[in-house]
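Shown next, in structure tokens, is the structure this report addresses.
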Amino acid sequence: MLVRDAMSTVVLTIGPAHTLRQAARLMSARRVGAAVVLDCDAEGMGILTERDILTSVGTGQDPDRETAGAHTTTDVVFAAPAWTLEEAAEAMAHGGFRHLIVMDGQGPVGIVSVRDIIRCWAPVRRERRTLVG
């Protein structure tokens with residue numbers, strides 16, 4: 001199975017000046033765990049994840065004052081839609097992260113997460129098992 005088969009095509013794009021609270025609201029509304037951060041003044045793009053926001057809030061920082069740009073990971077590994085899920089999982093395990101921005105041409109076309117890969121490898125059983133006791 002390929003990354004294109006597992007990735008989410010919902011790509012939330014924010015700017016570096018968004019506050020963490022704004023980013024969290026947007027991520028929550030779209031039910032995504034990461035946002036692509038585009039900075040017109042810098043080359044490339046970064047990623048802001050739910051873990052980045054949680055770390056900031058957990059250390060006592062104010063989510064209304066902290067910006068996405070201050071918490072963005074800019075050393076990003078990008079996936080291609082034609083990568084296998086094994087290649088994506090290996091990149092995540094090697095890099096210690098849970099999301100990959102999927103690039104096709106010049107822009108992001110999706111995000112693949114560990115959860116997406118697990119869903120493909122271990123389909124959820126829709127049946128509930130009843131314990132007889």
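What you see below is based on every heavy atom in this structure, not just the backbone, and it leaves out hydrogens, waters and symmetry mates. Keep in mind the model is a prediction, meaning the values are calculated, not measured.
In this view, Thr84 and Leu2, Glu86, Glu87 satisfy the side-chain contact (heavy atoms from CB on, under 4.5 Å) rule, not counting sequence neighbours. Take Thr73 and apply the side chain to side chain donor-acceptor pair (under 3.5 Å) test, not counting sequence neighbours, and it matches no residue.
In the hydrophobic clustering of ILVMFWY residues, with side-chain heavy atoms under 4.5 Å counting as a link, Ile101 and Val109 come out apart. Linking ILVMFWY residues whenever their side-chain heavy atoms come closer than 4.5 Å, directly or via other members, leaves Val76 and Val37 in distinct clusters. Each of Met45 and Leu100 belongs to its own hydrophobic cluster when Ile, Leu, Val, Met, Phe, Trp and Tyr are linked at side-chain heavy-atom distances under 4.5 angstrom. Linking Ile, Leu, Val, Met, Phe, Trp and Tyr residues whenever their side-chain heavy atoms come within less than 4.5 Å places Phe78 and Val36 in a single cluster. Under the 4.5 Å side-chain heavy-atom criterion for Ile, Leu, Val, Met, Phe, Trp and Tyr, Trp83 and Val112 are members of the same hydrophobic cluster.
Among residues at least two apart or in separate chains, salt bridge (charged side-chain N to carboxylate O under 4.0 Å, His left out) pairs with a member in residues 60-73 are Arg21-Asp64, Asp62-Arg65.
Of the inter-residue distances, the one linking Ile14 atom CD1 with Thr72 atom OG1 reads 6.5 Å to the nearest 0.5 angstrom. Atom CG of Asp52 and atom CD1 of Ile47 lie 8.5 Å apart (nearest 0.5 Å). Distance check: Met27 CE to Ile53 CD1 gives 4.5 Å after rounding to the nearest 0.5 Å.
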(message) Show, in sequence, the C-alpha distance, side-chain angles and deciding distance for Glu50 and Leu54, and conclude whether the side chain to side chain contact (heavy atoms under 4.5 Å, CB included) test is met.
(response) CA-CA 6 Å; Glu50 56 202 356; Leu54 183 66; over 6 Å; no
Do Val77 and His94 pass the side chain to side chain contact (heavy atoms under 4.5 Å, CB included) test, and can you show the C-alpha distance, the side-chain angles, and the key distance before you say yes or no? CA-CA 11 Å; Val77 175; His94 179 72; over 6 Å; no
For this session: Before giving the answer on side chain to side chain contact (heavy atoms under 4.5 Å, CB included), spell out for Met92 and Ile117 the whole-Å C-alpha distance, their side-chain angles and the decisive distance to 0.1 Å.
Result: CA-CA 11 Å; Met92 290 177 186; Ile117 293 171; 4.0 Å; yes
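Closest heavy-atom contact between Phe97 and Ala91: CZ-O, 3.5 Å. When every heavy atom of Val102 is checked against every heavy atom of Val3, the shortest pair comes out as CG2-CG1, 3.6 Å. For the pair Pro16 and Leu38, the tightest heavy-atom approach, listed with the atom from each and the gap, is CD-O, 3.2 Å. Nearest heavy-atom pair across Ala6 and Cys120 is CB-SG, 3.5 Å. Nearest heavy atoms, His99 versus Ser113: CD2-CB, 3.7 Å. The minimum heavy-atom distance linking Asp116 with Ser8 is given by the pair OD2-N, 4.1 Å.
No donor-acceptor distance shorter than 3.5 angstrom exists from the side chain of Ser28 to the backbone of Ala24, with no hydrogens or angles considered.
Between Arg4 and Asp104 there is no side-chain heavy-atom pair separated by less than 4.5 Å.
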